[in-house]
Undergrad: 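Take a look at this one; I'll ask things after.
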Amino acid sequence: MTSFRDLPNPHADSLKNLQLKVGDYEIHAVPTGLFGLDGGAMFGTVPKVLWEKSNPSDSANRIAMEARALLLKSPTHRILIDCGIGGDFIAKYGDKLGAKFEEMYAIDRGATSLEGSLKRLGLTTDDITHVIFTHLHFDHAGAATKAENGKVVPTFKNAKHFVQRANLETARHPNRREKASYFGVNFEAVIANHQMEILDGPVKDLLPGVSVAITNGHTIGQQYVRISDGKNTVYYCGDLIPTSSHVRLPWVMGYDLRPLELIEEKAVLLEQAAQESAYLFFEHDPYLDLVNVIADRGDFAVRDRFRLT
Ligand SMILES: [Zn+2]
């Protein structure tokens with residue numbers, strides 16, 4: 001038996017270290033913990049002989065996945081984009097589903113956590129001023145609430161949170177397929193506590209230098225985030241491009257609701273990123289934080305791979 005946790009990083013030799021500032025913001029990766037997912041589900045119709053080179057799988061066919069938030073830190077703002085799966089599974093989801101979560105996602109409590117990663121940056125969850133949700137799937141928004149004295153409460157008690165209305169609607173009334181990914185317990189307490197601002201469509205300068213745009217291929221009303229000062233630009237791709245392996249246009253997840261629409265949306269973002277020499281930040285890539293991309297014979301390819309320092 002091998003575990004996805006013990007597999008070597010196939011990009012180890014090509015990773016470059018990067019210290020990045022965009023405008024007033026220091027850009028920091030906030031890994032919240034590795035989990036495992038079925039490799040086939042992550043790559044849809046792409047055969048294993050192709051994906052296993054960049055994403056080796058363990059004896060249960062699981063590949064490593066990160067749940068990586070992004071922190072924008074300025075003297076006035078500490079903005080978190082997505083926040084990971086969180087914990088308190090039994091308390092939040094109930095005995096049966098909570099135990100299933102523990103087992104299915106093989107979460108390692110001893111390893112990286114949201115709180116631990118913030119602590120390394122000198123912060124606690126109370127210091128976060130804003131949380132932008134790309135969408136409310138549990139692996140992106142689960143940590144937004146926690147169990148406290150038998151109640152579920154917001155984790156970031158001083159933060160204003162943002163979500164798209166279309167995504168909130170779909171999260172509250174999920175289709176049969178997404179029922180296993182949207183849980184009110186992860187976000188209703190934020191709304192009840194008047195900490196959620198609900199957005200209707202793309203917003204330019206939602207926060208200084210931070211804009212959001214909408215895509216619907218992965219799930220309805222997902223937003224990706226653009227952070228730019230005119231010189232450096234970073235995109236937080238969410239599940240539009242979950243890992244650097246998904247830069248190739250036909251490499252889409254089995255989880256995506258509308259794969260053909262997603263490919264078109266991805267092409268728009270990649271074209272823009274290639275032209276701007278922008279950085280793409282990946283939420284789920286276990287091996288790196290960001291890349292830049294080039295156009296490549298009608299498709300796109302990774303140029304450089306980076307780890308934020
Ligand atoms: Zn998702």
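Nothing fancy with the numbering, it's 1 onward along the sequence. First listed ligand is number 1; within each ligand, the first listed atom is number 1.
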Undergrad: Are any N, O or S atoms from H140 nearer to the Zn ion (ligand 1) than 2.8 Å?
TA: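 False for H140.
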Undergrad: Among the N, O or S atoms that D239 has, which is closest to the Zn ion (ligand 1)?
TA: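 Relative to the Zn ion (ligand 1), the closest nitrogen, oxygen or sulfur of D239 carries the name OD2.
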Undergrad: Which N, O or S atom name in H137 marks its closest approach to the Zn ion (ligand 1)?
TA: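 For H137, the N, O or S atom at the smallest distance from the Zn ion (ligand 1) is ND1.
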Undergrad: Between D289 and R68, is there a side-chain N and carboxylate O pair less than 4.0 Å apart?
TA: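 Yes.
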Undergrad: Applying salt bridge (charged side-chain N to carboxylate O under 4.0 Å, His left out) to R248 and D296, what does each step give before you reach the verdict?
TA: CA-CA 10 Å; R248 290 283 181 195; D296 179 35; 3.1 Å; yes
Undergrad: Could you tell me whether a side-chain N or O of T233 sits under 3.5 Å from a main-chain N or O of A278, the two making a donor and an acceptor?
TA: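 The answer is no, because no donor-acceptor pair under 3.5 Å joins these two groups.
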Undergrad: Angle class for the H137/H135 ring planes (parallel below 30°, perpendicular above 60°, tilted otherwise)?
TA: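 If you compare the ring of H137 with that of H135, the planes turn out perpendicular.
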